[in-house]
Amino acid sequence: MLAAEARRDRLDKAIVAMAADSEFTPVVHRLGCLRGISTLTAFGLVVEVGDWERLSGASIGAYLGLVPTESSSGQSRSQGSITKTGNTHTRRLLVEAAWHHRKAYQTPGVPLRARWELAPAAARARGQAGNRRLHQRWLHFTERKKSPVVANVAIARELAGWCWSLAVMDE
């Protein structure tokens, strides 16, 4: 187990080093302005999605399989579980990151502030707006007595849109 942990830590350091000096570095820094999106998560998202420009804020949720299935006929419409089409790894990264928005958004912690220092001011402002909005969505789902798992997937879908808006932002 100790050898596996040491190997994981070495791989994490290697990925962080690649993220710091690659064509994806500016996007990784902008995505790091959102809670739950560390350098490793941001680099994974950027590499897996690739060209963010081909998507829109409305279509990225469907591209990643985070939208509900739908069966409709005439006037009746029934929604089911998420479609799970698209990239499984990216979807898992977003769902895991979405849990970080459940807690109240107050003073950002040291890791988040350190990531903010690497991003432009416009990205920091948009990231803060996204963090506040996603936490408000959590509160809304809690008031409506939604299952935490269902709420988290909805937050992940909206988080994908915020990631897209940061990724396509001009520097």
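Just so it is clear, the values below take in all heavy atoms, side chains as well, and ignore hydrogens, waters and symmetry mates. Computed from a prediction, not measured in an experiment: that's the story for all the values here.
A pairwise comparison of heavy atoms in Cys163 and Leu45 identifies SG-CD1, 4.2 Å as the closest pair. The shortest heavy-atom contact between Thr85 and Arg91 is O-NH1, 2.8 Å. Of all heavy-atom pairs spanning Ser22 and Ala19, the tightest one is OG-O, 4.0 Å. Taking all atoms of both residues into account, the shortest heavy-atom contact from Glu70 to Gln79 is OE1-NE2, 4.1 Å. The two residues Gly36 and Ala97 come nearest to each other via the heavy atoms O-CB, 3.4 Å. Among all heavy-atom pairs drawn from Leu112 and Cys33, the shortest one is CD1-O, 3.8 Å.
Taking 4.5 Å as the limit, some side-chain heavy atom of Val67 sits within range of a side-chain heavy atom of Arg157. Side-chain contact between His100 and Asn131: absent, with no pair of heavy atoms (C-beta onward) separated by less than 4.5 Å. The closest side-chain heavy-atom distance from Leu66 to Val153 is below 4.5 Å. Within the 4.5 Å cutoff, side-chain heavy atoms of Leu93 are placed close to those of His89. Contact check for Ile155 versus Phe141: side-chain heavy atoms found under the 4.5 Å cut-off.
Here CZ of Arg137 is found 9.0 Å from CG of Leu134. Values are rounded to the nearest 0.5 Å. Here the straight-line distance linking atom CG of Leu34 with atom CD of Gln128 works out to 10.5 Å at 0.5 Å rounding. Atom CD of Glu5 sits about 13.5 Å away from atom CZ of Arg7, to the nearest 0.5 Å. How far CG of Leu94 is from CD1 of Ile60: 7.5 Å, rounded to the nearest 0.5 Å. Here the CZ atom belonging to Arg124 is positioned 8.5 Å from the CH2 atom belonging to Trp116, to the nearest 0.5 angstrom. Atom CH2 in Trp138 sits 4.5 Å away from atom CZ in Arg102 (nearest 0.5 Å).
The backbone N or O of Glu48 sits nowhere less than 3.5 Å from a side-chain atom of Thr90 that would complete a donor-acceptor pair. Checking side-chain atoms of Thr83 against main-chain N and O of Pro68 turns up no donor-acceptor pair under 3.5 Å. Within the 3.5 Å criterion, the main-chain N or O of Gly127 finds no donor-acceptor partner in the side chain of Arg35. Between the side chain of Arg30 and the main chain of Leu166, a donor-acceptor pair closer than 3.5 Å is present. No side-chain donor-acceptor contact under 3.5 Å links Ser59 to the backbone of Leu55. Remark: the backbone N or O of Ser165 is paired with a side-chain donor or acceptor of Arg126 at under 3.5 angstrom. Without hydrogens or angle criteria, Trp164 side chain to Trp52 main chain gives a donor-acceptor distance under 3.5 Å. Panel note: side chain His29, backbone Arg115; no donor-acceptor pair is recorded below 3.5 Å. Between the side chain of Asp12 and the backbone N or O of Leu40, no donor-acceptor pair lies under 3.5 Å. Using modelled atom types, no side-chain atom of Asn87 and backbone atom of Leu64 make a donor-acceptor pair closer than 3.5 Å.
Note on Val168: it clusters hydrophobically with Tyr63, by side-chain heavy-atom contacts below 4.5 Å among ILVMFWY residues. Linking Ile, Leu, Val, Met, Phe, Trp and Tyr whenever their side-chain heavy atoms come within less than 4.5 Å puts Leu31 and Met169 in one cluster. Under the 4.5 Å side-chain contact rule for hydrophobic residues, Val27 and Met18 share a cluster. Under the 4.5 Å side-chain heavy-atom criterion for ILVMFWY residues, no single connected hydrophobic cluster contains both Phe43 and Leu118. Two different hydrophobic clusters hold Trp99 and Val150 under the rule that ILVMFWY side chains link at heavy-atom gaps under 4.5 Å.
A salt bridge links Arg133 with Glu158: the distance from a Lys NZ or Arg NE/NH1/NH2 to an Asp or Glu carboxylate oxygen falls below 4.0 Å.
Residue Asp9 places its CG atom among more than 12 non-hydrogen atoms of other residues, nucleotides or ligands, all under 6.0 Å distant.
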